[in-house]
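Have a look at the structure below, then the notes.
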Amino acid sequence: MTAPKKLFIKTYGCQMNVYDSERMAEAMGGQGYVQTQTADDADMILLNTCHIREKAAEKVYSELGRYKGLKAAKPDLKIGVAGCVAQAEGEEIMRRQPMVDLVVGPQSYHRLPEMEAKTREGQKALDTDFPEEGKFDKLIARPKAARGPTAFLTVQEGCDKFCAFCVVPYTRGAEVSRPSDRVLTEARDLVERGVREITLLGQNVNAYHGHDGGLAGLIWALNDIDGLERIRFTTSHPNDMDDALIDAHGDCPKLMPYLHLPVQAGSDKILKRMNRSHTAESYLRVIERLRAVRPDIHLSGDFIVGFPEETEEDFQATLDLIRAVRYGSAYSFKYSTRPGTPAAERPQVSEAEKDDRLQRLQALLSQQQRQLQDEMVGREVNVLFEKPGRMPGQMVGKSEYLHSVHVTTDAAVGEMRRVRITASVTNSLAGELVGN
Ligand code: SAH
Ligand code: SF4
Ligand code: F3S
């Protein structure tokens, strides 16, 4: 028997790329590849890339530059680029970095094994189609190996919203939902392999329509799976938060009280120019309805500062919205010009102004985040343990609200325990088992 070939995958970008990397590794398993954690001993290097901001794409090219020496020492080494940069740049990648053997867009992963075979014959392989056949139907069944207590599961892909700043509709294509029976089969399989918590993924996951009851219908169906303890989903668009989904946050026992609901900005003028098709007020109303059914829900958001033509007054409106919501966590970015998107053509805000606004925005967000975290002290939560902590006898897991919690316990990975929060430290909580 020949020794297995080694595959090194480096993943950038969003959780969907994490899921895709797993699926690609599994597909390459069928070609005799096992995964390795370093590029140095790999027979194939695959970068699963992100195109969302300028820096993300540049990182890919500098990373590729770093592999020159490896490729020179081992001419048989295959180098591939997958993900959203692959989709956006296509052949251009091979022109800029001729040592790249393979470029595969996010909708063509099921073709990766045959593409790899082509590179073994000394040819280049490029596929950035949006093929008719769905990749999920063609990807090989997932192997039965045991796995950790949490998993991502992609249920929806692509985006039809065309926010004026965003490349995702171009890199991931139109919105597609996987049929719920397939999703449920994959979920049951994950649970059999040890998974206790599933995060449903989609670029617009709450626009999911693979179930008659939409995303809420799928969540209720997942709620019936024995052994599955927790359900989360991300990322949602404010306009797709329908009544059934909001109600599920009040009624569905396994749906966790945490929601990532990006708003991007608080000024209606900017929201309009972003083509978000919601206002600050309509966003706040969604939050209000969520809090009415689930008062303790933790909210998280995405923000962009320095969108073209954003004034200080517009920026202040974003700060006001943040004060009105109180976020448990958040991601914030300086607007990054993406060629081919409408906002790239508009008058730009200076880099210095963007830096200044980002600093002020992040100061407010971290203050809120810390306050909400501190308010957890004295409360009881359920913690699903994910890994041992740094101190002996300690485990780390997540609360319902996605806080990391450190606990001294003999509980194993994958077990859930009732924990009283005793302290709030920089980025996590400490707690002790209840009833011990
Ligand atoms: N589908 C999701 C997430 C899309 S990308 C949504 O609708 O929210 C994740 C985040 O990246 C976005 O929410 C936005 O805040 C940020 N982002 C996207 N394009 C950007 C750009 N050109 N510049 C800066 N941030 C951007
Ligand atoms: Fe991008 Fe907007 Fe679609 Fe989100 S909803 S992926 S920000 S275009
Ligand atoms: Fe990046 Fe593509 Fe995800 S651009 S954020 S990897 S959808």
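Each ligand, and each atom within it, is numbered from 1 in the order the structure gives. Just so it is clear, the values below take in all heavy atoms, side chains as well, and ignore hydrogens, waters and symmetry mates. The chain is numbered in sequence order, starting from 1.
- In summary, the side chains of Glu375 and Gln371 do not present any donor paired with an acceptor at a separation below 3.5 Å, with no hydrogens or angles considered.
- Aromatic ring orientation, His298 versus Tyr401: tilted (interplanar angle from 30° to 60°).
- Using a 4.0 Å cut-off to heavy atoms of Phe162, the atoms of ligand 2 that qualify are 8 (S).
- Any N or O atom pair closer than 3.5 Å counts here, and Asp302 shares at least one such pair with ligand 1.
- Aromatic pair Phe162/Tyr170: ring centres closer than 6.0 Å.
- Here the heavy atom of the protein found nearest to atom 1 (Fe) of ligand 3 is Cys50 SG, 2.4 Å.
- Heavy-atom separations between His237 and ligand 1 are all 4.0 Å or longer.
- In this structure, Arg23 fails the cation-pi test against Tyr109, since its NZ or CZ atom is not both closer than 6.0 Å to the six-membered ring centre and inside 45 degrees of the ring normal.
- Between Tyr327 and Phe303, the distance separating the two ring centers is shorter than 6.0 angstrom.
- For the pairing with Glu157, the side-chain hydrogen bond (donor to acceptor under 3.5 Å, both in side chains) check across Arg172, Arg178, Gln203 returns one residue only, Arg172.
- Between Arg370 and Asp374 there is a salt bridge, with a side-chain nitrogen of the basic residue lying less than 4.0 Å from a carboxylate oxygen of the acidic one.
- Residue Cys166 approaches ligand 2 through these ligand atoms, each under 4.0 Å from one of its heavy atoms: 1 (Fe), 6 (S), 7 (S), 8 (S).
- Among the atoms of Gln203, some N or O lies under 3.5 angstrom from an N or O of ligand 1.
- Distance screen at 4.0 Å: atom 2 (Fe) of ligand 2 has a protein heavy-atom neighbour inside the cut-off.
- What sits closest to atom 6 (S) of ligand 3 on the protein, heavy atoms only, is Asn17 ND2, 3.2 Å.
- Note on Arg120 versus Glu116: salt bridge recorded, some NZ/NE/NH1/NH2 to OD/OE distance being below 4.0 Å.
- Residue Ile52 places a heavy atom less than 4.0 Å from ligand 1.
- The shortest N/O to N/O separation between Arg53 and ligand 1 falls below 3.5 Å.
- Annotation: atom 14 (C) of ligand 1 to nearest protein heavy atom, Gln264 OE1, 3.3 Å.
- When hydrogens are left out, the protein atom nearest atom 2 (Fe) of ligand 3 is Cys84 SG, 2.2 Å; that is the closest non-hydrogen contact.
- By the criterion of a heavy-atom distance under 4.0 Å, both the backbone and the side chain of Ser336 are placed next to ligand 1.
- Here Cys14 reaches atom 3 (Fe) of ligand 3: one of its N/O/S atoms is less than 2.8 Å from the metal.
- Using the six-membered ring where Trp is involved, Tyr335 and Phe307 have ring planes that are perpendicular, over 60° apart on the 30 and 60° scheme.
- The two residues Trp220 and Cys252 have their closest heavy-atom pair at CH2-CA, 3.4 Å.
- Here Met16 has no heavy atoms under 4.0 Å from ligand 3, in either its backbone or its side chain.
- Between Ser236 and ligand 1, no pair of N/O atoms sits closer than 3.5 Å.
- Protein heavy atom nearest atom 24 (C) of ligand 1, with residue, atom name and distance: Lys334 O, 3.3 Å.
- Looking only at protein heavy atoms, the nearest one to atom 7 (O) of ligand 1 is Arg276 NH1, 3.9 Å.
- Ionic pairing of Glu22 and Arg147 is present here: one or more N-O contacts between side-chain nitrogen and carboxylate oxygen are shorter than 4.0 angstrom.
- Ion pairing between Asp296 and Arg294 holds under the 4.0 Å rule for side-chain N and carboxylate O.
- Checked by atom type and distance alone, the side chain of Gln264 never pairs as donor or acceptor with a backbone atom of Met274 at under 3.5 Å.
- Checking atom 16 (C) of ligand 1 against the protein gives a heavy-atom contact under 4.0 Å.
- No hydrogens or angles considered: nothing links the side chains of Gln87 and Gln107 as a donor-acceptor pair under 3.5 Å.
- Close approach of ligand 2 to Cys163 (heavy-atom distance below 4.0 Å) involves ligand atoms 2 (Fe), 5 (S), 7 (S), 8 (S).
- For ligand 1, the atoms sitting less than 4.0 Å from at least one non-hydrogen atom of Pro262 are 8 (O), numbered in the order shown with element in parentheses.
- Contacts between Phe333 and ligand 1 below 4.0 angstrom, taking non-hydrogen atoms only, involve the side chain exclusively.
- The nearest heavy-atom contact from the protein to atom 4 (S) of ligand 3 is His51 N, 3.3 Å.
- The single protein non-hydrogen atom nearest to atom 7 (S) of ligand 3 is Gln203 NE2, 3.2 Å, given as residue, atom name and distance.
- Which parts of ligand 2 touch His237 is read off a 4.0 Å heavy-atom cut-off, strictly below it: atoms 5 (S).
- Ligand 1 has an N or O atom lying under 3.5 Å from an N or O atom of Phe165, backbone or side chain.
- Side chains of Gln15 and Tyr19: a donor-acceptor N/O pair is absent below 3.5 angstrom, by distance only.
- Protein heavy atom nearest atom 3 (C) of ligand 1, with residue, atom name and distance: Thr235 CG2, 4.2 Å.
- Here is the list of ligand 2 atoms found below 4.0 Å of a heavy atom in Pro169: 8 (S).
- Checked by atom type, the side-chain pair Ser329/Tyr258 shows a donor-acceptor distance below 3.5 Å.
- Side-chain contact check for Asp101 and Thr119: no donor-acceptor pair (N or O, by modelled atom type) lies under 3.5 Å.
- The shortest heavy-atom distance from Lys161 to ligand 1 is not under 4.0 Å.
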